[in-house]
Protein chains: 4
Amino acid sequence: MTTQRRTSPNASRRSDASRRAILAAAFDLVGEVGYAKLSIEGIAARAGVGKQTIYRWWPSKGAVLFDAFLMLGEGADGEAALPDTGDLESDLKAVLRATVAELNDPRYDEPMRALSTEIAHDPELAAAYLERLDRPMRELKKHRLRAAQRAGHLAEDLDLDVAVDMLWGPLLNRWLQRTGPLTPEYADNVVETALNGLRPRR
Amino acid sequence: MTTQRRTSPNASRRSDASRRAILAAAFDLVGEVGYAKLSIEGIAARAGVGKQTIYRWWPSKGAVLFDAFLMLGEGADGEAALPDTGDLESDLKAVLRATVAELNDPRYDEPMRALSTEIAHDPELAAAYLERLDRPMRELKKHRLRAAQRAGHLAEDLDLDVAVDMLWGPLLNRWLQRTGPLTPEYADNVVETALNGLRPRR
Amino acid sequence: MTTQRRTSPNASRRSDASRRAILAAAFDLVGEVGYAKLSIEGIAARAGVGKQTIYRWWPSKGAVLFDAFLMLGEGADGEAALPDTGDLESDLKAVLRATVAELNDPRYDEPMRALSTEIAHDPELAAAYLERLDRPMRELKKHRLRAAQRAGHLAEDLDLDVAVDMLWGPLLNRWLQRTGPLTPEYADNVVETALNGLRPRR
Amino acid sequence: MTTQRRTSPNASRRSDASRRAILAAAFDLVGEVGYAKLSIEGIAARAGVGKQTIYRWWPSKGAVLFDAFLMLGEGADGEAALPDTGDLESDLKAVLRATVAELNDPRYDEPMRALSTEIAHDPELAAAYLERLDRPMRELKKHRLRAAQRAGHLAEDLDLDVAVDMLWGPLLNRWLQRTGPLTPEYADNVVETALNGLRPRR
DNA sequence: ACTTAACCGAGACGGTACGTCCAGTCTTATT
DNA sequence: AATAAGACTGGACGTACCGTCTCGGTTAAGT
């Protein structure tokens, strides 16, 4: 699932074994040596692949990382959905707690930071990320929120994009900048505060 | 205002002119050539300084960037406060719109992204950031919120740290990941939604 | 004609143009800026070559210099011989005067001093020098002396290596240490004195 | 016993302890780490001395090395002479064997190579060496040879400088360039061959 | 079945930057 | 005023990777 390429080489001859080895090596390496020391040469060596094979198919290190993430999510694509028990608050708490758990998992922490910083500095990659990863996830979230809105559990005039940001933004920001501990309790707190608002309820 | 150093060289002999030149060069360069192409060598050359003078006083490129930011904020330290007109909502909107304006200012966008990603990958630097930049800013914000809380404009049992996250987190996340446009209207929307909550007000 | 290498990289892919450019640059530079200011970086820059290309193929600065000398002597290898007019004394005088001229030639003086001092401090390089440059030259000299010996012009029990040392040693030592003027007359004097010995001839 | 200095600082205030410490450190270090890794900074650190104290009194690393050698020879200056048993050949053999022993002594080998190469590349230093070390030694040698010449053991018209070169040149050259083993037997052989000449004695 | 052209591994190439060492100069505080 | 200490600019060190470029060797398509 290669990222943007204006004039792509003949993709039909592409070696799928090499492609998979490269993505796996990239994902593993960024977890092992960290983002700063991740190098194309290292990925090629680990994957048992010539450097050119990477340069032929990906425009940047970030694009490789990005595809590595896509590979992880393969299979789960179409059918996934957020839980809907009818209880919005507990559903959201469950989902945000799962997000917290993933962000705290050392297997995903470094790779996700790496991808985040590549996105932060590469608008083209950011656009691809938006399209291929963020938007699908966001649609799932908005789908659940829309159901709640219809059921009268959310304000009628609510902008669902803002609502998503309000739930996940605090989490992601605290994770990336380490501005505080990232605990399940924090996730719960965010959900409650977001739902009820900062103002006192009459 | 140098960052942490276990065994610092004799700081009394330090050249202040070099220190300032380095920080200014770092800040300017990251804006000009971008984070990825920022190099210690480039900073040293621009500052008219030997590389060793940088390595002598800073442990990493991120630490230089961090001190460059500290230098910007010098002078404004003690007396700053968030506006308090009594109208919390409009005060918050003014502050968040100012934040949006700053994040959109090309003079600050790249340098701040650079610092953010350094922080994301260097826990030690993150700790220094927390202590020296984030915490003072957060205290100002919490100070304003506390006043509102006392005035009965915010929920009594509100965790002010969560409140701050709820207001700035969505903004910063959208900015860094470019998951959507960062406009003054978005700032207003975040403030309103945060204050009122996602649920319908009775 | 690269010097010893334990684990050589794949030599078949080696760029001959780079190799020649490096050797030429090294030889030229040592004549221009002198031995003390000769740097790998300077050689690479002058040759229009990456530093790694030098480090890939040569273990030291001295080895580069050494190969530069070998390149000079290419072609003349096999067929060369010392003159043999039958008159040993005048043949030797001619050869030693030529040596003197070469040592006095500013085009060769600095490069040869540079090589000499590298050899003096690097036994491995000295061994290569011995094998590839000194021995062939010494064989030519001994060949001429052996002919003279057979003709009864030299003592029967003479050690030809000592004889060679006796003729060239004084010259080279005076040149390198500048312990006295290096003139054609001096060359003649050395030849005569060596042939006749210090003792009065009966 | 500082080398040439056009405008010397006020030598009366000079610290003799520092001077001695520097020379001793230079001599020791060149033996320990070798000529290539000998640094002014290393000498200063070993001597417990500021770098400026070295730069104030010596114009170059070679000059320090040179003075270190002079310090070794102090005391023995005036009274020394070559042995004169009346048997020139055995006297010379004894002296040359001593020279061989010294050149083979690891305590002197590296330092002497270091000094030799500094001399080879610094004509000013070479002149100082000639004047202060080589000439006195050479006079001693010539004194012994002159005595032999007067006794009829050497040719009447012999140039004693050439004679000295003929005896020590082969040795020094073989030592510095490692063109062959440097043994007492070689010293004997050189003496015999030099005295008798290469030609057959009638 | 047989070219033939693209892909592949390998890795040399010209470069840029790394982080370190040292040169030689300058400044500060001590003696 | 000379010294020990050491910060300063500057330049070279030897290494790691960058992204480009051959080199042979497979491998799949199209004749």
Side-chain angles (χ1 to χ4, degrees), chain A residues 9-15 17-19 21 36-45 47-57 59-61, chain B residues 9-15 17-19 21 36-45 47-57 59-61, chain C residues 9-15 17-19 21 36-45 47-57 59-61, chain D residues 9-15 17-19 21 36-45 47-57 59-61:
Chain A
N10 186 344
S12 67
R13 295 192 181 237
R14 182 169 188 180
S15 155
S18 292
R19 186 185 137 271
K37 296 202 171 173
L38 180 69
S39 69
I40 297 278
E41 241 167 45
I43 296 170
V49 138
K51 286 200 289 175
Q52 200 59 262
T53 303
I54 299 182
Y55 285 109
R56 189 162 19 236
W57 299 107
S60 70
K61 195 167 69 178
Chain B
N10 186 341
S12 70
R13 296 210 193 291
R14 181 167 188 182
S15 157
S18 292
R19 187 187 136 268
K37 294 202 171 173
L38 180 68
S39 66
I40 297 277
E41 234 164 52
I43 296 171
V49 139
K51 283 200 287 177
Q52 197 59 44
T53 301
I54 299 182
Y55 285 110
R56 180 150 43 225
W57 299 108
S60 70
K61 196 165 67 177
Chain C
N10 187 342
S12 68
R13 296 212 192 289
R14 181 167 189 180
S15 158
S18 293
R19 189 187 134 268
K37 296 202 171 173
L38 180 68
S39 66
I40 298 274
E41 256 183 18
I43 296 170
V49 138
K51 284 199 288 177
Q52 199 59 44
T53 302
I54 299 183
Y55 286 109
R56 182 152 36 228
W57 299 108
S60 69
K61 197 166 67 179
Chain D
N10 185 343
S12 68
R13 298 207 177 223
R14 182 167 189 182
S15 155
S18 292
R19 187 186 138 268
K37 294 202 171 174
L38 180 68
S39 68
I40 297 277
E41 233 163 52
I43 296 171
V49 137
K51 285 201 289 177
Q52 200 58 260
T53 304
I54 299 182
Y55 285 109
R56 186 157 26 233
W57 299 107
S60 70
K61 196 166 69 177

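So that the names make sense, note that chain A is the first sequence line, chain B the second, and so on, each numbered from 1.
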Could you measure the distance from the CD1 atom of B:Ile54 to the OG atom of B:Ser60? Nearest 0.5 Å is fine. 11.5 Å
Grab the CZ-P distance between A:Arg19 and E:dC8 for me, whole Å please. 12 Å
Please name all residues satisfying side chain to side chain donor-acceptor pair (under 3.5 Å) with C:Ser15, sequence neighbours left out, ordered by chain then number. C:Ser18
Is the shortest side-chain N/O distance from C:Trp57 to OP1 or OP2 of E:dG11 below 4.0 Å? no
Taking salt bridge (Lys or Arg N to Asp or Glu O under 4.0 Å) as the definition, give me every residue that meets it alongside D:Lys61, ordered by chain and number, with sequence neighbours left out. none
Is the phosphate of F:dA4, meaning OP1 or OP2, less than 4.0 Å from a side-chain N or O of D:Thr53? yes
B/S/- contact track for nucleotides 14-23 of chain F, protein heavy atom under 4.0 Å: BBBBBBBB-B
What's C:Ser12 touching, base or sugar-phosphate or nothing? Going by heavy atoms closer than 4.0 Å. nothing
Of all heavy-atom pairs linking B:Ala44 and B:Gly50, the shortest is CB-C, 4.3 Å
Pairing stems for DNA chain F [at least three consecutive pairs; Watson-Crick or G-U; under 3.5 angstrom]: E:1-31 with F:1-31
Qualifying residues under side chain to side chain donor-acceptor pair (under 3.5 Å), relative to A:Glu41, sequence neighbours excluded: A:Lys51
Separation of F:dA2 P from D:Arg14 CZ (nearest whole Å): 11 Å
What's the verdict on side chain to side chain contact (heavy atoms under 4.5 Å, CB included) for C:Trp57 and C:Arg19, showing C-alpha distance, side-chain angles and the deciding distance? CA-CA 9 Å; C:Trp57 299 108; C:Arg19 189 187 134 268; over 6 Å; no
Checking F:dT3, E:dG9, E:dA12 against the side chain of C:Arg56 (C-beta onward), the nearest is E:dA12
Report the residues that fulfil side-chain contact (heavy atoms from CB on, under 4.5 Å) with B:Ala47, sequence neighbours left out, ordered by chain and then residue number. B:Ala21, B:Ile22, B:Ala25, B:Val49
Has C:Ser18 got a side-chain N or O lying under 4.0 Å from the OP1 or OP2 atom of E:dA12? no
In short, B:Ser39 meets B:Gly42 closest at the heavy-atom pair OG-N, 2.9 Å
